[in-house]
Amino acid sequence: MKVLVLNCGSSSIKYKLFDMDHKEVIAQGGIEKIGLKGSFLKLTLPDGGKKILEKDIPEHTVGVEFILNTLISPEYGAIKSLDEINAVGHRMVHGGEKFSESVLLTQEVLDAFTACNDLAPLHNPANLKGVNAISAILPDVPQIGVFDTAFHQTMPDYAYLYAVPYELYKKYGVRRYGFHGTSHRYVSKRVCEFLGVQPEGKRTKIIPCHIGNGGSISAIKDGKCMDTSMGLTPLEGLMMGTRSGDIDAGAVTFIMEKEGLDANGVSNLLNKKSGVMGIFGESSDMRDLENAVAAGNPRAILAEKMYFYRIKKYVGAYAAALGGVDIIVFTGGVGQNPRNCRSEVCEGLEFMGVKVDLEKNKVRGEEAVISTDDSKVKVVVIPTDEELMIASDTMAILNK
């Protein structure tokens, strides 16, 4: 069975085509700059090389059609006919409290998803465009929605509620939802398989750290999420590439007054001009930051210290919330690649039983235990695979 996974952003579409009989990716790529000048599709060739195909892509239906035509093209195709695509799985960002698991996308489901647009005005409408595009081009192919927020719906009320008037929660759904749920679910399940432990048995207090340009940490007990660092929006929690993470709300109103900012202005400041970019000042890319740190740039050194310190704080807090920790998992572009992220975060956590083996920690992008043999806490690198999780959910729902 072949499953196409789509991740539609406001001006982009990422895709992977899976042969689920072998759990193998047979085609992948992405479209950038939808609705803008210079739009293109960048795909991965069978030999691992990249190919860019330029085309005017004014909106998402044209983009999805371009992807489908490329999948069956004589030169770059992976399949002979679109009839080979058995289902499409979509990354859906914000399901609010309505969705605690992946679902078949019916009109009723799509209406409920659309009702969550206020909670994710940039992401949800873009996700819906992808669904509508497939409906227009492949009307008989079943579509499955996999929600970023679903995995976190097991959080208890005392963890997800904010200490603001309760009426705001009842009226507008103001609460912590969390994001990266598909990644947290994948790595927390995969690490148990990798270590040979039961997700709902002994040694299942897990803290997965999804660290990339966006980052979040979760506290998972017996396979269920008990807390997570992102909140009503992806802004809360860790310091990120361009997001501030946790900040005093009083500081926000102070900045608004001093800088003469309205709601959109302060949102842009905190989401797009803060984090690593705000402190370092030159780039939000951790590779650029790493190079600047090596060159002795004082602002880069400060940004890196702040970045790692915030992660360490959340790991410690969630160990307290869980009553201990058995497994710490690092994933995401930063978590699974540069070793200094893992070593800096774990340094000072020896009192919790965390010991990192510096030689084992040299691994990049591969599954590995990086803790010492006598470490009470297993520290593990597990590269995330959200697309495989989406494809697997799609298969499971179709096979019900």
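Please read all numbers here as calculations on a predicted model, not as lab measurements.
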Original post:
If we ignore angles and hydrogens, is there a donor and acceptor under 3.5 Å between the side chains of Thr106 and Glu108?
Top reply: no
Original post:
Are Leu17 and Val141 connected, step by step, through hydrophobic side chains (Ile, Leu, Val, Met, Phe, Trp, Tyr) whose heavy atoms are closer than 4.5 Å?
Top reply: yes
Subject >> Salt bridge Lys360-Asp373, side-chain N to carboxylate O under 4.0 Å >> reply: yes
Subject >> Pairing of Glu167 and Lys170 as salt bridge, 4.0 angstrom limit >> reply: no
Original post:
Does Leu4 belong to the same Ile/Leu/Val/Met/Phe/Trp/Tyr cluster as Val131, with side-chain heavy atoms less than 4.5 Å apart forming each link?
Top reply: no
Original post:
For Ser216, which of His184, His152, Glu236, His210 qualifies under side chain to side chain donor-acceptor pair (under 3.5 Å)?
Top reply: His184
Original post:
If we only count heavy atoms from C-beta on, is the Ser392 to Met20 side-chain gap below 4.5 Å?
Top reply: yes
**OP:** From the options Val377, Asn361, Val356, select the one residue that forms a side chain to side chain contact (heavy atoms under 4.5 Å, CB included) with Cys346.
**Re:** Val356
Original post:
Does a donor on one side chain and an acceptor on the other come within less than 3.5 Å for Thr44 and Lys50?
Top reply: yes
Original post:
Is Asp385 salt-bridged to Lys23, going by a charged N under 4.0 Å from an acidic O?
Top reply: no
Original post:
Phe280 and Phe308: same hydrophobic cluster, using ILVMFWY side-chain contacts below 4.5 Å?
Top reply: yes
Original post:
Is the cationic atom of Arg310 (NZ for Lys, CZ for Arg) positioned less than 6.0 Å from the six-membered ring centroid of Tyr314 and within 45 degrees of its normal?
Top reply: no
**OP:** Hey, can you tell me if Tyr177 and His94 have their rings parallel, tilted or perpendicular (30° and 60° cut-offs)?
**Re:** perpendicular
Original post:
Mind checking whether Val3 and Ile144 have side chains closer than 4.5 Å, heavy atoms only?
Top reply: no
**OP:** Cation-pi check, Arg175 to Tyr160: give yes when NZ or CZ is under 6.0 Å from the six-membered ring centre and within 45° of the ring axis, no otherwise.
**Re:** yes
Subject >> Residue that, paired with Phe194, satisfies side chain to side chain contact (heavy atoms under 4.5 Å, CB included) out of Ile382, Val187, Val381, Val329 >> reply: Ile382
**OP:** Classify the side-chain pair Asp222/Thr204 by whether it contains a donor and acceptor separated by less than 3.5 Å.
**Re:** yes
**OP:** For the residue pair Thr331 and Gln336, confirm or rule out a side-chain donor-acceptor distance under 3.5 Å.
**Re:** yes
Original post:
Within a reach of under 6.0 Å around CZ of Phe351, are more than 12 heavy atoms found that belong to other residues, nucleotides or ligands?
Top reply: yes
Original post:
What are the two closest non-hydrogen atoms of Gly265 and Asp262, and how far apart are they?
Top reply: N-OD1, 2.7 Å
